[in-house]
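Notes for the one structure printed next.
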Amino acid sequence: MSQHSADPAPNTALATVATHRDWWRDAVIYQVYPRSFADSNGDGMGDLEGVRSRLPYLRDLGVDAVWLSPFYASPQADAGYDVADYRAVDPMFGNLLDADALIRDAHGLGLRIIVDLVPNHSSDQHEWFKRALAEGPGSPLRDRYHFRPGKGENGELPPNDWESIFGGPAWTRVPDGEWYLHLFAPEQPDFNWEHPAVGDEFRSILRFWLDMGVDGFRVDVAHGLVKAAGLPDLGTHDQLKLLGNDVMPFFDQDGVHDIYRQWRTILDEYSPELSEQGGPHERIFVAEAWTPTVERTANYVRPDELHQAFNFQYLATDWDAGQLRAVIDRTLDAMRPVGAPATWVLSNHDVTRHATRFANEPGLGTQIRTAGDRELGLRRARAATLLMLALPGSAYVYQGEELGLPDVVDLPDEVRQDPAYFRGEGQDGFRDGCRVPIPWTRTGPSYGFGSGGSWLPQPASWGDLSVEAQQGVPGSTLELYRTALSVRREQHGLGAGDSVEWLRAPGGVLAFRRGHVVCVANTGGEAVVVPSYGRVLVASGEVTEADGETKVPADTTVWWTTG
Ligand code: GLC
């Protein structure tokens, strides 16, 4: 147990934060991957106390909220996205007192805390699943999951043709002959959301964490909870091609929206009361919903459903002015009618970091195994971030991107932990590369991540990318993020609104006005000359000005203030 002094004040106070009710509409939300952020006890694994000790860094960085990937009791078959007890902290991350201390400290620093909620599946070590297995066929506990007899003469074939997102069949047979559904790893059985006990349990879990003082939830696999009636075959062995392009019998079914309407009423119960007390403080949901189109994503953020949804269409877009402009326009057009803010994201714990994606040729998708041209990748990543932070709505930053970290593409096979890697066959399974613990100091064991090692080995170059190496260094990626975030938040309210005014620009260049700020992003391979729109606020590379014109180098973004 960690040491911290008990604070008698209710755990809902936000000391210094700007307390507008709609804080989340333009918030910059920083994703902490607890295993890899900071390790307080030297066991090589990050923990909640480590996160708490680094909160001042996040405050100084200038973000509004912190989203923590799961830290609940879990056998870690999928790095904590396999939850055995939704109301307990896994001992490797600490305990509930540590969670309480973290939430309180964050609030004291004006940071909000968003926790991950994993409602599509539990761990196979969850009490319900263990009992369901032990009690055998006919157990009422089996109805809370999807247990079925198999097909074929002796039930030796899976009940349908669905495949796991991590590769292989989506069904596993248990010793008594029945099969159960798992859209992810076999250790992650899918809940049956038709069963009332499942809904009751999750509404209670929501209240548990709201009572702990959290400011919101990131809903894992928000598009997966409801399956098509009868669990119909997909009818193809080419599931991978359909994923992300079509509505699947197990993803993006219309029925999921009823669940979110119910959840919204719970969150709203917790929000108005607080605002009446003088601390306007809306709690939020953000959906991880991979849907075929941004228009379908908008369904999740209708006024009586969730608040935000990740914009994976944006994340998957190449560094290309035409494609970027199209996805920006389409996103804003899709979100406007439902009144939800657009969101923007470039990296997270499931995809190759954008510094590495942009170091490689375009069109390779979001799982890349080659380092590419690192210098080019970093230049583009910095420019892409500055573009993202000028757009209206909310933006997500994944830990370490503010240091310009690339993916670690050469991890030895024996250290890999991504379950998809082990299920192989056409799947990528290389998500460990973006999960390597982040460097805080130039030297020392695990570069300041902790006093011991780190659960994934860090490259020797990590010291030069550390916080210590970049702090206060003009032009460093860390200082670029700090400047951009402070300009965005304090000076110009850049995230507000729901539209951009496009300006004429040369080919390969995006130029737009947002109030008193003009943003120009040059995605092309050559420098361009554009009008000097005012005073340069921040630029991702060296720009030169002469005679009312500014030369913007290749792969560079600039912000000017005009007023
Ligand atoms: C989400 C998570 C991912 C996890 C999966 C299964 O996509 O982001 O990390 O493996 O859900 O829970």
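As the structure lists them, so they are numbered: ligands from 1, and atoms in each ligand from 1. Remember, it's a predicted structure, so these values are computed and weren't measured experimentally.
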Check: Counting from 1, what ligand 1 atoms have a heavy atom of His349 closer than 4.0 Å?
Finding: 2 (C), 3 (C), 8 (O), 9 (O)
Checklist line | Test of proximity, Trp290 against ligand 1: N or O pairs below 3.5 Å | finding: no
Margin query: I want to check a possible cation-pi pair here: Arg203 against Trp263, using under 6.0 Å from ring centre and within 45° of the ring axis as the test.
Written below: no
Next item on the list: Select one of side chain, backbone, both or neither to describe which atoms of Arg218 lie under 4.0 Å from any atom of ligand 1, heavy atoms only.
Entry: side chain
Notebook entry, point to check: Do you know the tightest heavy-atom contact between Gln239 and Asp161?
Noted result: OE1-O, 4.4 Å
Next item on the list: Would you mind running through ligand 1 and noting each atom that sits below 4.0 Å from a heavy atom of His121?
Entry: 6 (C), 12 (O)
Notebook entry, point to check: Where does the angle between the aromatic ring planes of Phe184 and Phe166 fall among parallel (under 30°), tilted (30 to 60°) and perpendicular (over 60°)?
Noted result: perpendicular
Notebook entry, point to check: So does Asp304 pair up with Arg261, basic N to acidic O under 4.0 Å?
Noted result: yes
Next item on the list: Determine whether the side chain, the backbone, both or neither of His182 has a heavy atom under 4.0 Å from any heavy atom of ligand 1.
Entry: neither
Check: Can you tell me if Asp100 uses its side chain to pair, donor with acceptor, with the backbone of Asp98 under 3.5 Å?
Finding: no
Check: Can you list the ligand 1 atoms lying under 4.0 Å from a non-hydrogen atom of Arg431?
Finding: 3 (C), 4 (C), 9 (O), 10 (O)
Notebook entry, point to check: Counting from 1, what ligand 1 atoms have a heavy atom of Arg435 closer than 4.0 Å?
Noted result: 9 (O)
Check: Hey, which atoms in ligand 1 end up nearer than 4.0 Å to a heavy atom of Phe166?
Finding: 10 (O)
Check: Quick one: nearest non-hydrogen protein atom to atom 7 (O) of ligand 1, plus distance?
Finding: Glu288 OE2, 2.7 Å
Next item on the list: Measure the distance from atom 4 (C) of ligand 1 to every protein heavy atom, then report the residue, atom name and distance (to 0.1 Å) of the closest one.
Entry: Asp78 OD2, 3.3 Å
Checklist line | Minimum non-hydrogen distance to atom 9 (O) of ligand 1, winning option of Asp350, Val221, Asp418 | finding: Asp350
Next item on the list: Name the closest protein heavy atom to atom 2 (C) of ligand 1, giving the residue it belongs to and the distance to 0.1 Å.
Entry: Asp220 OD1, 3.1 Å
Next item on the list: For the pair His307 and Trp24, name the ring-plane relationship: parallel under 30°, tilted 30 to 60°, perpendicular over 60°.
Entry: perpendicular
Check: Hey, does the side chain of Gln308 reach the backbone of Thr343 with a donor-acceptor pair shorter than 3.5 angstrom?
Finding: no
Checklist line | Step-by-step side-chain hydrogen bond (donor to acceptor under 3.5 Å, both in side chains) determination, Glu402 to Tyr57 | finding: CA-CA 12 Å; Glu402 77 278 21; Tyr57 165 81; 2.8 Å; yes
